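Notes to accompany the following structure.
Counting convention: from 1, in listed order, for ligands and their atoms alike. Values in this document were obtained by computation on a predicted structure and should not be read as measured data.
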Amino acid sequence: MSDQKEKDKLSENLKRIRPIFKKEDAVVSSSFKKTLIATDIHGDYHALEFVLKFAEMKKVDSYVFLGDYIDKGRYSVDVLNILFDMKCKDPNKTILLRGNHETRGLSPWLEFGEDLVNDPKLMDDSNAVFDEMPIAAVINNEIFCVHGCIAGFDNETLKSISKKDPKKYLWNDPGAENGVQPSPRGNGIYSIGPDLVKSFLKRNDLKVIIRGHTSHTEGVKCWHDNKLVSLYSGIHSDSPEIRAAVAIAKGDEIKFYYFRKTRMGFEWTDEKKKLKLK
Ligand SMILES: [Mn+2]
């Protein structure tokens with residue numbers, strides 16, 4: 001569990017970061033040479049450290065995290081502090097999207113809420129900051145990043161996305177059937193079919209969606225003729241079959257790198273996957 005020192009640090013970080021998020025639109029864009037994309041760190045401080053060391057070795061010059069920084073793991077506060085430090089240091093270089101755990105509906109009730117149970121003000125301040133986080137990002141004018149999925153309504157554009165009503169973007173999933181299907185996750189949440197994903201990309205002149213949110217053991221799952229990639233960088237087991245992944249976007253190419261957890265710590269696997277966007 002995160003200690004008091006980290007909680008004090010979070011309190012300071014929240015004050016610094018709120019105006020930075022406030023200034024950002026619901027959809028932020030960035031174009032750098034090499035962008036690391038990771039998602040669903042879920043309080044796993046050690047996984048985050050491992051991924052950031054790798055990014056440094058690969059000489060990435062920007063970062064996009066797709067939300068769900070807190071809960072599940074034991075170090076939600078530490079993870080937020082590392083990422084908020086990065087964001088404050090250079091706001092353009094690090095994009096921190098909102099996940100469904102960074103919401104009032106979930107954050108007070110799980111591990112993060114447990115961490116802050118004796119500090120309701122810190123919980124309130126955290127939620128106020130979560131409310132200001134951007135919902136989606138466009139990288140290199142062609143990669144659409146979001147925690148859940150698109151909302152799935154007719155003629156949906158980037159302009160339809162608002163910080164005020166983010167639920168569908170944080171909670172939806174891709175689905176195999178065309179159109180929108182109700183989701184077992186709950187009311188007002190949907191599975192989005194290949195027709196809607198493809199028309200959204202075409203209408204907004206984008207090439208691919210990268211999203212997190214769905215926990216799976218393969219690290220990367222491609223949907224809808226590679227038009228949507230479900231990425232998962234969280235790992236909560238040291239079974240050798242369970243892999244997590246991160247992506248590096250460079251020009252018209254996205255490379256995926258897989259890692260697993262062993263009793264000795266994290267290690268990269270030899271497996272690689274490449275997606276060409278042109
Ligand atoms: Mn999620």
- prompt: Trp268 pairs by ring-ring contact (aromatic ring centres under 6.0 Å, His included) with which of Phe259, Tyr258, Phe256?
  reply: Phe259
message: Checking Glu218 against Lys273 for the salt bridge (charged side-chain N to carboxylate O under 4.0 Å, His left out) test, could you report, in this order, the C-alpha distance in whole Å, the side-chain angles of both residues, the deciding distance, and whether it holds?
response: CA-CA 12 Å; Glu218 298 108 285; Lys273 185 180 175 65; over 6 Å; no
field: Full working for side chain to side chain contact (heavy atoms under 4.5 Å, CB included) between Asn100 and Asp68
entry: CA-CA 7 Å; Asn100 64 305; Asp68 280 10; 3.1 Å; yes
task: Check the Mn ion (ligand 1) and write out every protein N, O or S atom at under 2.8 Å, as residue and atom.
output: Asp68 OD2, Asn100 OD1, His147 NE2, His213 ND1
message: I'd like to know if the side chain of Asp115 pairs up with that of Ser76 as donor and acceptor (distance under 3.5 Å, no hydrogens or angles considered).
response: no
query: Parallel, tilted or perpendicular: which fits the ring planes of Phe144 and Phe200, with parallel below 30° and perpendicular above 60°?
result: perpendicular
- prompt: Side chains of Ser215 and Asp40: is there a donor and an acceptor less than 3.5 Å apart?
  reply: no
